[in-house]
2 protein chains.
Amino acid sequence: MHKKIMYVCNMANSKLYKGSLTTIILKLLNESEKMYGYEMTQKVKQITKGELNITEGALYPALHKLEAEGLLDVEVKKVDNRLRKYYKLTEKGNKETVSKLEELKDYIKTMETFMNPKLSLE
Amino acid sequence: MHKKIMYVCNMANSKLYKGSLTTIILKLLNESEKMYGYEMTQKVKQITKGELNITEGALYPALHKLEAEGLLDVEVKKVDNRLRKYYKLTEKGNKETVSKLEELKDYIKTMETFMNPKLSLE
DNA sequence: AATTAATACCTAAGTTTTTTATGCATAAGA
DNA sequence: TCTTATGCATAAAAAACTTAGGTATTAATT
């Protein structure tokens, strides 16, 4: 009747993943053309070899928000008598993806500056 | 009497910096031995050429938390009749810094996997 | 001389994002 | 038959940050 509760490892135990979920979703859709939520959780787990597990409690609200903002389009399909909600990027979503990936690059560059501060200071 | 309100640019307009403030603080103290809060905001602005501005509303509570966790020690000094609270890493803080920088490296590596997914997938 | 900007600390309300903990339903496997 | 996997969802709580104040001293500008 009741589901067994077992949490594995959310967001790699690291707070750094906070704020990057949107970027991850957009990049996944940029690669795969169309995906459904559950598929994204599995794909991320696979790509990162289990290091990064996005939780459904974070994912679904995020998808709904992106849809409401006009960045994603949804298409519901029934496969094996089970519903799947396929998401894909809109025109606006494509632009936002480019911008988010730029931000990620900038973020990484900035944080690497902190890692090797000697290079940037006198 | 009243302070002019003028916000410049918080956290580089990017949500990605959420969750990285602690890492930034620890790394700054790892480099500089001891620093005070206001000095940190200026240092970060300088190092990132204005791209990243940490707000005091985020910084001070973060410093208090790190102190409460035993990662930082405080020493109050009066300079020019103005108070400064100098923070430095404790033994525990040094270890946490190593661990946080490891996490940052892992995070960057993982996110770069998303940027160049062809390399990691068949 | 008076106002503003800079230095230096602080906090509290509100927002956003994520975690945690559920809920429902079907299919597959042990 | 019971559990795991698939697939969606939400709601309360926690966490982190933004926004918007506040106090006080010193330096710079008007």
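In what follows, every heavy atom counts, from backbone to side chain, and hydrogens, waters and symmetry copies are set aside. Order of the sequence lines sets the chain letters (A, B, ...), proteins ahead of strands, with each chain counted from 1. Everything numeric here is computed off the predicted structure, so don't read it as measured data.
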Review point. Using a cut-off of 4.0 Å on non-hydrogen atoms, how would the nucleic acid contact of Gly37(B) be classed: base, sugar-phosphate, or nothing?
Key: sugar-phosphate
Exercise for review: Only one of Leu63(B), Leu71(B), Leu28(B), Leu66(B) passes side-chain contact (heavy atoms from CB on, under 4.5 Å) with Tyr87(B); say which it is.
Suggested key: Leu63(B)
Review point. Lys18(A) has a side chain; which of dG7(D), dA16(D), dA8(C) sits nearest to it?
Key: dA16(D)
Practice item. Could you tell me the separation between the CG atom of Asp80(B) and the P atom of dA28(D), rounded to a whole number of Å? Key: 11 Å
Check your understanding: What is the nucleic acid contact for Lys65(A), judged by heavy atoms within less than 4.0 Å: base, sugar-phosphate only, or nothing?
Key -> sugar-phosphate
Check your understanding: To the nearest Å, how far apart are Tyr38(A) OH and dT6(D) C1'?
Key -> 5 Å
Check your understanding: Quick one: Leu83(A) CG to dA5(D) C1', roughly how many Å, whole number?
Key -> 17 Å
Revision key, fill the gap. Which of dA9(D), dT10(D), dA27(C) is nearest the side chain of Lys85(A)? It is dA9(D)
Practice item. Rounded to the nearest angstrom, tell me the gap between atom CG in Leu66(B) and atom C1' in dA16(D). Key: 13 Å
Review point. Is there a side-chain contact between Leu104(A) and Met111(B), using heavy atoms and a 4.5 Å cut-off?
Key: yes
Practice item. Using the closest heavy atom to pick a nucleotide of DNA chain D for each, name whichever of Leu63(A) or Gly57(B) lands nearer the 5' end. Key: Leu63(A)
Practice item. Give a yes/no answer on whether the side chain of Asn81(B) brings an N or O atom under 4.0 Å of OP1 or OP2 in dT26(D). Key: yes
Practice item. Ignoring the backbone of His64(A), work out which of dT17(C), dT10(D), dT11(C) is nearest its side chain. Key: dT10(D)
Practice item. Please state how far atom CD in Gln46(A) lies from atom P in dT6(D), giving the value in whole angstrom units. Key: 12 Å
Point to revise | Atom-pair distance (NZ on Lys78(B); C1' on dT25(D)), nearest Å | key: 10 Å
Review point. With nearest nucleotides of DNA chain C determined for Gln42(B) and Tyr87(B) from heavy-atom distances, which residue corresponds to the more 5′ nucleotide?
Key: Gln42(B)
**Study point:** Any Tyr36(A) side-chain N or O less than 4.0 Å from OP1/OP2 of dC8(D)
**Key:** no
Exercise for review: May I have the distance from Lys100(A) (atom NZ) to dT17(C) (atom P), rounded to whole angstrom?
Suggested key: 8 Å
Check your understanding: Which part of the nucleic acid, if any, lies within reach of Arg84(A) when heavy atoms closer than 4.0 Å are counted: base, sugar-phosphate only, or nothing?
Key -> sugar-phosphate
Practice item. Identify which nucleotide among dC17(D), dT19(C), dC8(D) has an atom closest to any side-chain atom of Glu56(A), counting heavy atoms from C-beta outward. Key: dC8(D)
Revision key, fill the gap. Rounding to 0.5 Å, atoms OG1 (Thr90(A)) and CD (Glu69(A)) come to a distance of 10.5 Å
Practice item. Using a cut-off of strictly less than 4.0 Å, decide whether Tyr60(A) has a side-chain nitrogen or oxygen near OP1 or OP2 of dA9(D). Key: no
Review point. If only atom types and distance count, is the side chain of Glu39(A) paired as donor or acceptor with the main-chain N or O of Tyr36(A) below 3.5 Å?
Key: yes
Check your understanding: To the nearest Å, how far apart are Lys45(A) NZ and dA5(D) P?
Key -> 9 Å
Check your understanding: Where do Leu26(B) and Glu96(B) come nearest, in terms of heavy atoms and distance?
Key -> CD1-CG, 3.9 Å
Revision key, fill the gap. Considering only heavy side-chain atoms of Arg82(A), the closest of dT18(C), dG7(D), dT18(D) is dG7(D)
Check your understanding: Among Lys85(A), His64(A), Lys34(A), which one satisfies side-chain contact (heavy atoms from CB on, under 4.5 Å) with Val74(A)?
Key -> Lys85(A)
Check your understanding: In degrees rounded to 10°, what angle is found between the helical axes fit to the five outermost pairs at each end of the helix from dA1(C)-dT30(D) to dA30(C)-dT1(D)?
Key -> 10°
**Study point:** Nearest heavy atoms of Met35(A) and Leu29(A), plus distance in Å
**Key:** N-CD2, 3.7 Å
Point to revise | Connected-component partners of Val98(A) among ILVMFWY, side-chain separation under 4.5 Å | key: none
Review point. Think Thr55(B) has a side-chain N or O under 4.0 angstrom from the OP1 or OP2 of dC17(D)?
Key: no
